[in-house]
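Since the structure comes first, as structure tokens, the remarks are kept for the end.
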Amino acid sequence: EETELVIPSEIDGKAVIAISNSAFAKNTAITSVTIPSSVKTIGKSAFAGCTGLTEVEIPSSVTVLGSYAFEDCAKLEKVTLNEGLVTIGNRAFGSTKISSVYIPTTLKNVEMESMNYTGPFYNCASLNDIEFGAGITAISDYLFYYCNGITEIEIPDTVTTIGKRAFGSCPSLKNVEISSSVKTIGI
């Protein structure tokens, strides 16, 4: 049975500003989720293992997307990240079927946990279409680390910094176009 989960914007007159850690983890019945614009934080593993989930839109109000938030959502193919997102956790979308992603200009941090060097899109074998927000100036450390579906990438002219291991352990990556505006590449 398909289940559409609609997160309310308030409960008992109080704004819903966060989805807690593991709130809906391993709920295999959820096929879609609607997140209201009142939410600012999505906790660690909030929807991890929701194997029926096929798409999700992260509203512009969300500034922090926790580690493992949507990891192991085996049918998740479509993700919309909006301007406003500042921090994304490692493996936030690990082991999903995402094929394309928009990286907002507001994204500044990839949160790593205890030397767990895996990026937000870890093991996303289908991810091969990346669009960067207009005017983006930096690509965060570990952003696409171990993202084995990327075959080529074009770094926008506005980028001046590529973080350490931003494209590390991407075995299929064969072509990278970097403009002369890039001044720093992390190691």
Side-chain angles (χ1 to χ4, degrees), residues 21-22 25 41-50 53 56 58 62-133 135-179 181-187:
N21 296 348
S22 304
T41 302
I42 297 175
K44 294 176 186 175
S45 303
F47 296 93
C50 291
L53 190 60
V56 65
I58 308 300
V62 173
T63 59
V64 177
L65 182 59
S67 296
Y68 319 104
F70 293 91
E71 185 177 42
D72 293 328
C73 292
K75 293 181 182 174
L76 185 60
E77 294 180 353
K78 185 175 183 203
V79 170
T80 305
L81 300 177
N82 284 299
E83 294 296 330
L85 183 64
V86 176
T87 300
I88 189 170
N90 67 309
R91 291 180 142 167
F93 295 102
S95 300
T96 62
K97 290 188 177 182
I98 297 169
S99 61
S100 65
V101 69
Y102 168 80
I103 303 301
T105 58
T106 53
L107 184 64
K108 304 296 181 206
N109 306 303
V110 172
E111 185 177 85
M112 303 304 289
E113 292 185 10
S114 62
M115 305 302 280
N116 184 356
Y117 295 116
T118 55
F121 303 98
Y122 172 82
N123 201 30
C124 289
S126 300
L127 180 58
N128 59 17
D129 182 16
I130 299 165
E131 179 185 351
F132 293 99
I136 193 166
T137 59
I139 298 173
S140 299
D141 295 352
Y142 299 96
L143 186 57
F144 295 102
Y145 189 78
Y146 204 86
C147 190
N148 46 14
I150 300 173
T151 59
E152 61 183 351
I153 191 80
E154 183 177 340
I155 307 300
D157 291 341
T158 55
V159 171
T160 58
T161 303
I162 298 173
K164 67 181 174 183
R165 298 182 182 166
F167 298 96
S169 295
C170 292
S172 301
L173 185 58
K174 304 290 184 220
N175 184 28
V176 180
E177 289 186 33
I178 301 175
S179 78
S181 62
V182 173
K183 304 296 182 214
T184 306
I185 299 176
I187 297 176

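This one's a predicted model, so the numbers in the text were calculated from it and none came from an experiment.
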If I take atom [atom1] from residue [X] and atom [atom2] from residue [Y], how far apart are they, to the nearest 0.5 angstrom?
| X | Y | atom1 | atom2 | result |
| --- | --- | --- | --- | --- |
| Ile150 | Phe144 | CD1 | CZ | 5.5 Å |
| Glu77 | Leu53 | CD | CG | 11.0 Å |
| Leu85 | Ile103 | CG | CD1 | 8.5 Å |
| Lys44 | Asn21 | NZ | CG | 6.5 Å |
| Glu154 | Ile130 | CD | CD1 | 12.0 Å |
| Ile187 | Arg165 | CD1 | CZ | 10.0 Å |

Just so I know, are the side chains of Thr151 and Asn175 near enough to count as touching, which here means a heavy-atom distance under 4.5 Å?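 No, too far: nothing below the 4.5 Å cut-off.
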
Check: Asn82 and Ile58 side chains under 4.5 Å, non-hydrogen atoms: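 The answer is no, as the side chains (C-beta and beyond) never meet within the 4.5 Å cut-off.
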
For a quick test of reading the model, state the closest non-hydrogen atom pair linking [X] to [Y] and the distance between them.
| X | Y | answer |
| --- | --- | --- |
| Cys147 | Cys124 | SG-O, 3.9 Å |
| Gly66 | Ala92 | O-CB, 3.8 Å |
| Asn128 | Gly149 | CB-O, 3.5 Å |
| Arg91 | Tyr122 | NH2-CE2, 2.7 Å |
| Val110 | Pro120 | CG1-CD, 3.8 Å |
| Ile42 | Ala46 | CG2-CB, 3.7 Å |

For the NZ atom on Lys108, are there more than 12 heavy atoms of other groups (residues, nucleotides or ligands in this structure) within a distance under 6.0 Å?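 Atom NZ in Lys108 is packed in, count exceeds 12.
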
Near Phe167 CZ, under 6.0 Å, is it more than 12 heavy atoms from other residues, nucleotides or ligands?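 Yes, because the 6.0 Å sphere around CZ of Phe167 holds more than 12 heavy atoms from other groups.
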
For [X], check side chain to side chain contact (heavy atoms under 4.5 Å, CB included) against everything at least two apart and list the hits.
| X | result |
| --- | --- |
| Ile178 | Ile155, Ile162, Val176, Val182, Ile185 |
| Val79 | Val56, Leu76, Leu81, Phe93, Ile98 |
| Thr106 | Glu83, Pro104 |
| Lys164 | Asp141, Tyr142 |

Residues in ring-ring contact (aromatic ring centres under 6.0 Å, His included) with Phe132, at least two apart?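 With neighbours one apart ignored, the set is empty.
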
Distance only, no hydrogens: is a donor on one side chain within 3.5 Å (strictly under) of an acceptor on the other, for Asn123 and Ser95?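 Looking only at side-chain atoms, Ser95 and Asn123 do form a donor-acceptor pair, the distance falling under 3.5 Å.
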
So, the side chain of [X] versus the backbone of [Y]: is there a donor-acceptor pair under 3.5 Å, distance only?
| X | Y | value |
| --- | --- | --- |
| Ser172 | Asn148 | yes |
| Ser67 | Asn90 | yes |
| Ser181 | Asp157 | yes |

Which residues share a side-chain hydrogen bond (donor to acceptor under 3.5 Å, both in side chains) with Glu131, sequence neighbours left out: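 Testing Glu131 for side-chain hydrogen bond (donor to acceptor under 3.5 Å, both in side chains), a comparison that skips the adjacent residues, returns none.
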
Under the side chain to side chain contact (heavy atoms under 4.5 Å, CB included) rule, what do Thr137 and Thr161 come out as? Steps first, then yes or no, please. CA-CA 7 Å; Thr137 59; Thr161 303; over 6 Å; no

Using side chain to side chain contact (heavy atoms under 4.5 Å, CB included), reason through Phe121 and Leu143 one step at a time and then give a plain yes or no. CA-CA 7 Å; Phe121 303 98; Leu143 186 57; 4.3 Å; yes

